[in-house]
Amino acid sequence: MGGVSVQLFVGDDWSEEHHDVELMDAAGRRLSKARLPEGVAGIARLHAMIGDQLSDDVDQSEVAIGIETDRGPWVAALVAAGYTVFAVNPLQAARFRERSGVSGAKSDAADAHVLADMVRTDSHQLRPVAGDSPEAEAIKVVARAHKTLIWERTRDTQRLRHALREYFPAALQAFDDLDAADALELLGKAPDPASAARLTRGQITAALRKARRRDIETKTDRIQAALRGEQLGRAAVITTAYAATVRSTVAILTTLNAEIKALQGQVDAHFGRHPDAEIIMSQPGMGPSLGPRVLGEFGDDPERYATAKARKNYAATSPITRASGKKKVVAARFVHNDRLVDALNSQAFSALQASPGARAYYDKQRDRGLDHGSALRQLANRLVGILHGCLKTRTRYDETTAWSHHVEKAAA
């Protein structure tokens with residue numbers, strides 16, 4: 001652990017209400033255990049328990065703590081106190097538990113013992129909680145919330161589409177984008193076929209103009225014709241019931257659109273103040289939404305990723321190899337950060353248009369026989385390596401430098 005001589009090992013099995021903790025020495029002997037309340041009182045008692053076991057000349061970094069999370073006020077307090085904190089993957093803890101017993105018995109106190117023993121024997125295989133700056137943490141908070149609302153909007157739009165298909169199929173012909181402002185305004189005013197057929201040209205035109213649409217007259221004609229055309233309907237009582245649900249979904253989508261726009265402003269403000277923003281935004285395929293998401297998920301601790309390979313492994317863009325006897329399989333990583341993978345794949349897809357080097361690299365992977373998804377993942381892996389190099393050298397992306405190695409190999 002970076003040359004630090006650890007004197008004390010702590011397992012912390014957490015829940016929303018309490019923490020079961022166990023303190024262990026280097027020989028694996030239990031020194032003490034307790035159930036502590038969440039909050040200031042619990043942290044104070046943990047500090048006291050640790051202090052009782054250490055001499056005055058021992059540094060806090062010589063205390064290793066294992067806990068199955070890397071975020072929250074409790075973890076932040078542990079890091080701030082100077083302890084070496086390891087975020088243990090629950091799958092790792094489960095596998096470690098099986099090493100010491102096969103009965104399947106499980107308790108919070110036993111889990112605390114497992115975590116303490118893990119950091120005692122396997123700390124070299126565990127990931128320390130990153131020392132990200134408060135600015136990076138803030139970006140992560142707002143970028144995640146922003147993306148979550150976008151995902152929620154997509155789900156509610158699909159719910160709206162499904163409902164309209166059941167009783168009002170003409171609306172699907174009239175509106176291309178159900179989550180657009182004009183579609184939501186008109187569906188809110190007329191959520192059933194009868195009232196929609198009575199919408200005037202003036203009402204439709206006003207909604208389109210408010211949404212800043214182009215070719216308003218043509219779109220008005222098309223929408224009005226679709227809403228007034230013949231269509232299969234449902235019984236009046238069923239239509240009324242569906243219309244009520246659609247009106248509620250429209251209200252939700254309208255609110256989501258407003259909040260997504262507001263949060264985008266917060267994302268822009270926080271990201272714009274970060275010193276890594278310029279480097280990240282110089283990467284091909286990176287945009288005002290993707291950049292903050294990538295920074296937030298990777299973090300900005302300069303010591304977290306010692307090599308480009310380490311960053312790629314965390315991103316889950318690098319493949320894993322399973323070899324046994326004559327059988328060898330190269331596969332994608334199953335366990336990964338969904339939000340980071342989503343952002344990096346989106347960047348790679350956009351980079352196909354933004355970077356000739358990225359396009360050539362992707363085409364090369366396709367020529368090798370890879371399908372679109374696999375080739376895109378290979379490109380994302382390469383882009384992560386480029387980003388790592390730029391952040392380490394504090395330089396902006398350069399198209400020639402980024403792909404010169406591959407151009408030289410192709411020429412050879």
Side-chain angles (χ1 to χ4, degrees), residues 69-72 75-76 79 87 129-155 179 255-305 308 310-317 336-355 358 376-377 379-398 402:
T69 183
D70 63 352
R71 58 186 181 272
V75 174
V79 174
V129 172
D132 293 331
S133 69
E135 291 74 19
E137 286 286 339
I139 291 170
K140 183 177 182 179
V141 169
V142 293
R144 280 193 168 190
H146 180 254
K147 185 58 180 179
T148 296
L149 291 188
I150 292 175
W151 282 335
E152 289 297 325
R153 180 173 63 184
T154 299
R155 294 188 184 98
D179 60 357
T255 301
L256 282 173
N257 280 339
E259 294 307 315
I260 287 170
K261 183 178 180 180
L263 267 182
Q264 182 64 63
Q266 289 294 314
V267 171
D268 293 342
H270 284 283
F271 183 62
R273 293 192 292 266
H274 197 281
D276 291 347
E278 184 179 355
I279 295 173
I280 291 176
M281 287 303 294
S282 71
Q283 306 298 305
M286 204 69 78
S289 293
L290 291 179
R293 290 170 58 198
V294 169
L295 173 58
E297 299 305 327
F298 271 134
D300 64 352
D301 182 353
E303 305 301 325
R304 183 174 187 180
Y305 309 103
R311 189 182 291 269
K312 291 176 180 179
N313 288 347
Y314 179 75
T317 54
H336 56 251
N337 180 331
D338 290 341
R339 292 175 180 271
L340 181 56
V341 168
D342 179 79
L344 294 173
N345 282 341
S346 297
Q347 181 208 354
F349 185 76
S350 298
L352 294 177
Q353 301 297 323
S355 165
L376 199 66
R377 187 164 55 249
L379 174 57
N381 191 52
R382 174 59 188 158
L383 291 172
V384 170
I386 294 171
L387 173 62
H388 180 82
C390 289
L391 290 172
K392 283 294 184 182
T393 59
R394 308 307 301 172
T395 56
R396 290 169 54 88
Y397 171 84
D398 178 79

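Keep in mind that this is a model prediction, so the values were computed, not measured.
- Under the salt bridge (Lys or Arg N to Asp or Glu O under 4.0 Å) criterion, Asp132 pairs with no residue, sequence neighbours left out.
- Counting only residues at least two apart or on different chains, no ring pair (Phe, Tyr, Trp, His ring centres under 6.0 Å) pair has a member in residues 262-286.
- Residues Ala354 and Gly285 come closest through the heavy atom pair CB-N, 3.9 Å.
- Residues that satisfy the side chain to side chain contact (heavy atoms under 4.5 Å, CB included) test with Ala76, not counting sequence neighbours, are absent from this structure.
- If you take CZ on Arg153 and CD1 on Ile260, they are separated by 3.5 Å, rounding to the nearest 0.5 Å.
- Scanning all heavy atoms of the two residues, the minimum distance from Pro288 to Asp268 falls at O-OD1, 4.0 Å.
- Proximity of a side-chain donor or acceptor of Lys147 to a complementary backbone N or O of Leu290 within less than 3.5 Å is not detected.
- Between Arg155 and Glu152, at least one side-chain N (NZ, or NE/NH1/NH2) sits under 4.0 Å from a carboxylate O, which counts as a salt bridge.
- For Asp342, the side-chain hydrogen bond (donor to acceptor under 3.5 Å, both in side chains) partners two or more places apart in sequence, or in a different chain, are Arg293.
- Partners of Ser289 by side-chain hydrogen bond (donor to acceptor under 3.5 Å, both in side chains), not counting sequence neighbours, listed by chain and number: Gln264.
- Counting all heavy atoms, side chain and backbone alike, Val384 lies closest to Ala315 at CG2-CB, 4.3 Å.
- Looking only at side-chain heavy atoms (C-beta outward), Val267 and Ile139 stay at 4.5 Å or farther from each other.
- Rounding to the nearest 0.5 Å gives a distance of 9.5 Å between CG of Leu391 and CG of Asp300.
- Residues Ala402 and Ile386 approach most closely at CB-CD1, 3.8 Å, considering heavy atoms.
- Residues satisfying the salt bridge (Lys or Arg N to Asp or Glu O under 4.0 Å) criterion with Glu297, sequence neighbours excluded, are Arg144.
- Residues satisfying the side chain to side chain contact (heavy atoms under 4.5 Å, CB included) test with Thr154, not counting sequence neighbours, are none.
- Scanning for side chain to side chain contact (heavy atoms under 4.5 Å, CB included) contacts around Arg396 gives Glu278, Ser282, with sequence neighbours left out.
- To the nearest 0.5 angstrom, Ser133 atom OG is 8.0 Å from Asp276 atom CG.
- With sequence neighbours left out, the side-chain hydrogen bond (donor to acceptor under 3.5 Å, both in side chains) criterion links Asp179 to no other residue.
- A heavy-atom distance below 4.5 Å is not found between the side chains of Thr317 and Val341.
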**Asked** Thr148 and Arg339: side chain to side chain donor-acceptor pair (under 3.5 Å), yes or no, with the steps?
**Response** CA-CA 10 Å; Thr148 296; Arg339 292 175 180 271; 2.8 Å; yes

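- Of all heavy-atom pairs between Met286 and Ile280, the closest is CG-O, 3.5 Å.
- The side-chain hydrogen bond (donor to acceptor under 3.5 Å, both in side chains) test applied to Gln283 returns no partner, not counting sequence neighbours.
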message = Does Leu352 form a side-chain contact (heavy atoms from CB on, under 4.5 Å) with Leu376? I'd like the steps, not just the answer.
response = CA-CA 9 Å; Leu352 294 177; Leu376 199 66; 4.2 Å; yes

Under the criterion side-chain contact (heavy atoms from CB on, under 4.5 Å), I'd like the reasoning laid out for Leu149 against Leu263: C-alpha separation, chi angles, the key distance, then a yes or no. CA-CA 9 Å; Leu149 291 188; Leu263 267 182; 3.6 Å; yes

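- Taking Ala351 as the reference, Pro284, Ala358, Leu383 meet the side chain to side chain contact (heavy atoms under 4.5 Å, CB included) condition, with sequence neighbours excluded.
- Atom NZ of Lys392 sits in a crowded spot, with more than 12 heavy atoms from other residues, nucleotides or ligands closer than 6.0 Å.
- Here Tyr305 pairs with Phe298, Tyr314 under the ring pair (Phe, Tyr, Trp, His ring centres under 6.0 Å) rule; sequence neighbours left out.
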